[in-house]
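Beneath this line is the structure, given in structure tokens, with notes to follow.
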Amino acid sequence: MKRTIIDTSSMELNEKVVSIKRVTKVVKGGRNMRFTALVVVGDGNGHVGAGLGKATEIPEAIRKGKEDAIKNMVSVALDEFGSVTHDNIGKFGSASVLLKKAPEGTGIIAGGPARIVCELAGIKNIRTKSLGSNNKQNVVLASIEGLSQLKTPEEVAKNRGKSVSEIMA
């Protein structure tokens, strides 16, 4: 998949911390404690990213996670109802997230980590199901992977050499 760099300088970004974990490294002199923060960043308008930050202090880990998330932002194809353009499954590691198109008024039906990703991406109506692993980091990354694979009807029509009305029929 071709990655496009998204200019975030003009975006109004929101961030949410999905998880903070204390990790320990045992060394000769004792134990080194560090914190890892999984942060999701989005503009609520079709752009979302996730990042992992690790530091000795929690605020520093969150800041690093936010910077990493901004570097890893992807664009999400949305339809006129604020839902995804088609059903898709995102996979990362052993985690899979099923993303299903939903009609107007459905809202976001999703579990914790996938819900945060959908909210920050600006999705208003979607049904999701986390399959396989329920590791928060893998579920977030699987959700973003699934959202980044979405195509608009215009893209599909162009690839197939047809009109949008032929694709939608």
Side-chain angles (χ1 to χ4, degrees), residues 1-78 82-84 88-100 102 106-150:
M1 190 186 98
K2 188 178 156 232
R3 297 210 22 139
T4 55
I5 297 170
I6 298 167
D7 181 31
T8 58
S9 58
S10 61
M11 290 184 192
E12 184 69 38
L13 296 174
N14 298 323
E15 66 175 276
K16 275 199 179 160
V17 178
V18 178
S19 70
I20 296 175
K21 293 191 285 192
R22 190 180 79 185
V23 292
T24 308
K25 177 183 175 186
V26 180
V27 293
K28 186 178 175 185
R31 295 187 190 113
N32 282 348
M33 302 288 186
R34 290 230 157 86
F35 295 93
T36 65
L38 177 60
V39 181
V40 177
V41 172
D43 67 345
N45 199 17
H47 296 96
V48 69
L52 200 64
K54 199 156 125 179
T56 54
E57 302 293 325
I58 294 175
E60 184 70 7
I62 292 171
R63 183 190 63 75
K64 287 181 178 180
K66 183 179 178 185
E67 287 178 7
D68 191 34
I70 290 170
K71 287 179 196 169
N72 298 321
M73 286 190 86
V74 296
S75 296
V76 180
L78 300 176
S83 184
V84 293
N88 196 11
I89 296 178
K91 292 184 176 143
F92 187 89
S94 64
S96 298
V97 176
L98 173 66
L99 306 164
K100 291 191 84 171
T106 304
I108 299 176
I109 300 172
R115 173 181 288 272
I116 292 171
V117 172
C118 293
E119 285 173 352
L120 290 176
I123 298 171
K124 304 280 185 279
N125 303 296
I126 191 169
R127 294 183 310 232
T128 70
K129 179 66 181 159
S130 177
L131 308 165
S133 170
N134 59 1
N135 178 307
K136 288 180 181 177
Q137 184 176 342
N138 287 350
V139 170
V140 165
L141 294 171
S143 302
I144 290 176
E145 180 64 29
L147 291 173
S148 69
Q149 292 171 356
L150 295 174

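Values reported hereafter were calculated over all heavy atoms of this structure, with side chains retained and with hydrogens, waters and symmetry mates removed. The model shown is predicted, which means the values in this text are computed figures rather than measured ones.
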query = By salt bridge (charged side-chain N to carboxylate O under 4.0 Å, His left out), which residues pair with K129, not counting sequence neighbours?
reply = none

task = Please tell me if the side chains of T128 and C118 come closer than 4.5 Å, counting only heavy atoms from C-beta onward.
result = yes

ask   = Nearest heavy-atom pair of L147 and L99: which atoms, and what distance?
value = N-CD1, 3.7 Å

Taking only distance into account, with no hydrogens and no angle test, what donor-acceptor pairs under 3.5 Å do side-chain atoms of residues 132-142 form with protein atoms, sequence neighbours excluded?
residue	atom	partner	partner atom	Å
S133	OG	N135	N	3.1
N135	OD1	Q137	N	2.9
N135	OD1	N138	N	3.3

Quick one: side chains of residues 20-31, donor-acceptor pairs under 3.5 Å with protein atoms, not counting sequence neighbours, listed by atom name and distance.
none

query = With sequence neighbours excluded, what pairs up with R115 under the salt bridge (charged side-chain N to carboxylate O under 4.0 Å, His left out) test?
reply = E119

request  = Keeping to residues at least two apart or across chains, list the salt bridge (Lys or Arg N to Asp or Glu O under 4.0 Å) pairs with something in residues 45-61.
outcome  = E60-R63

remark   = When every non-hydrogen atom of L150 is compared with those of V76, the smallest separation belongs to CD1-CG1, 4.2 Å

ask   = What pairs meet the side-chain hydrogen bond (donor to acceptor under 3.5 Å, both in side chains) rule with one or both residues in residues 90-100, with sequence neighbours excluded?
value = none

Going by atom type alone, with no hydrogens or angles, which donor-acceptor pairs under 3.5 Å involve a side-chain atom of residues 33-43 and a protein atom two or more places apart or on another chain?
residue	atom	partner	partner atom	Å
D43	OD1	N45	N	2.9
D43	OD1	H47	N	3.1
D43	OD2	H47	ND1	3.1

task = Heavy atoms only: give me the nearest I108-I123 pair and the separation to one decimal.
result = CD1-O, 3.2 Å

ask   = N72 and A50: which non-hydrogen atoms are nearest, and at how many Å?
value = ND2-O, 3.6 Å

request  = Using side chain to side chain donor-acceptor pair (under 3.5 Å) as the criterion, list what pairs up with E15, not counting sequence neighbours.
outcome  = K66

task = Tell me, please, which residues at least two apart from N125 pass side chain to side chain donor-acceptor pair (under 3.5 Å).
result = none

